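Every number for a ligand or one of its atoms is a count from 1 in the order of the listing. From a predicted model like this one, the values you see are computed outputs, not experimental measurements.
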Amino acid sequence: MSNNLKVLKFPNPRLRKIAEKVTKFDKSLKKLAHDMLELMYDENGIGLAATQVDKHIRLIVIDVSDERNAPQYFVNPTFEILNTDLMYAFEEGCLSVPGFNEEITRPSNIILKWQDLDGVAHKEEPSGLLTVCIQHEIDHLDGKLMVDYISPIKRDRIKKKLLKK
Ligand code: GNR
Ligand code: NI
């Protein structure tokens with residue numbers, strides 16, 4: 001078990017907050033990033049956005065490796081879509097919407113820009129699962145959830161089931 005962080009669950013309105021840009025690359029940023037990573041591993045997730053732990057800054061941790069030994073940190077991430085015609089459908093899950101999986105269609109070719117925990121800028125074309133995951137996580141920073149892509153009827157059904165728990 002980890003570090004007093006907890007994952008907010010849909011329909012908690014705090015998941016709708018827009019995260020602020022990170023400007024200070026200090027020790028507390030690194031501490032939060034490492035605590036988030038621990039929680040993500042505890043919960044068997046492949047990614048976690050600060051919004052999900054009620055910290056409203058633009059920080060994401062991801063590990064898409066099978067061995068769970070390749071953590072990646074993304075501060076202030078943004079992306080551009082390279083080709084709006086190339087889309088990819090993937091069965092997504094979300095730690096904030098536990099027990100539900102939905103097929104979501106997203107751009108499959110993007111250019112990603114971000115800073116690392118020291119504030120150094122990076123730019124790369126991600127591949128595979130990282131492409132899907134980073135878009136899912138950036139959505140969280142903008143207060144957006146997987147369930148926003150599905151029909152309102154389905155979304156409402158999920159909401160009612162999660163509220164009963
Ligand atoms: O653990 C997770 N798995 C996942 C699968 C497909 C697409 C996105 C994800 S992210 C999710 C963890 C999570 O909720 N991150 O915000
Ligand atoms: Ni999620």
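In this structure, the side chain of Q135 engages the main chain of P107 through a donor-acceptor pair within 3.5 Å. Counting only distance, with no hydrogens or angles, the side chain of T131 and the backbone of P126 share a donor-acceptor pair below 3.5 Å. Side-chain atoms of R58 come within 3.5 Å of backbone N or O of A19 as a donor-acceptor pair. A side-chain donor-acceptor contact under 3.5 Å links Q52 to the backbone of A49.
Looking at D54 and H56, their side chains do bring a donor and an acceptor atom within 3.5 Å of each other. Counting only N and O atoms by type, the side chains of Y41 and N69 include no donor and acceptor under 3.5 Å apart.
Considering backbone and side-chain atoms together, E137 places an N or O closer than 3.5 Å to an N or O of ligand 1. Any N or O atom pair closer than 3.5 Å counts here, and S96 shares no such pair with ligand 1. Polar contact with ligand 1: absent for A49 (N/O pair, distance under 3.5 Å).
Scanning the protein for heavy atoms near atom 12 (C) of ligand 1, the closest one is G47 O, 3.2 Å.
Using cut-offs of 30° and 60° for the angle between ring planes, the F90 and Y88 rings count as parallel.
Under 4.0 angstrom from ligand 1, the non-hydrogen atoms of H140 all belong to its side chain. Looking at E92 against ligand 1, both its backbone and its side chain come within 4.0 Å, counting heavy atoms.
Nearest residue to atom 8 (C) of ligand 1 from E102, E43, R106, H136 is H136 (criterion: closest heavy atom).
Within ligand 1, the atoms closer than 4.0 Å to a non-hydrogen atom of Q52 are 13 (C), 14 (O), 15 (N), 16 (O), numbered from 1 in the order shown. Residue-ligand proximity, C94 to ligand 1, at heavy-atom distances under 4.0 Å covers atoms 14 (O). For ligand 1, the atoms lying closer than 4.0 Å to a non-hydrogen atom of F90 are 6 (C). For ligand 1, the atoms sitting less than 4.0 Å from at least one non-hydrogen atom of G45 are 1 (O), numbered in the order shown with element in parentheses. Using a 4.0 Å cut-off to heavy atoms of I46, the atoms of ligand 1 that qualify are 1 (O), 2 (C), 3 (N), 4 (C), 5 (C), 9 (C), 10 (S).
In the displayed structure, E125 atom CD is contacted under 6.0 Å by more than 12 heavy atoms of other residues, nucleotides or ligands. Within a 6.0 Å radius of NZ in K9, other residues, nucleotides and ligands contribute more than 12 heavy atoms.
The list of salt bridge (charged side-chain N to carboxylate O under 4.0 Å, His left out) pairs with a residue in residues 85-103, not counting sequence neighbours, reads E92-R106, E102-K154.
Looking only at protein N/O/S atoms, the ones less than 2.8 Å from the Ni ion (ligand 2) make 3 in total.
Taking 4.5 Å as the limit, every side-chain heavy atom of V75 sits out of range of all side-chain heavy atoms of W114.
Annotation: cation-pi pair K30/Y73 absent, no NZ/CZ under 6.0 Å from the ring centroid and within 45° of its normal.
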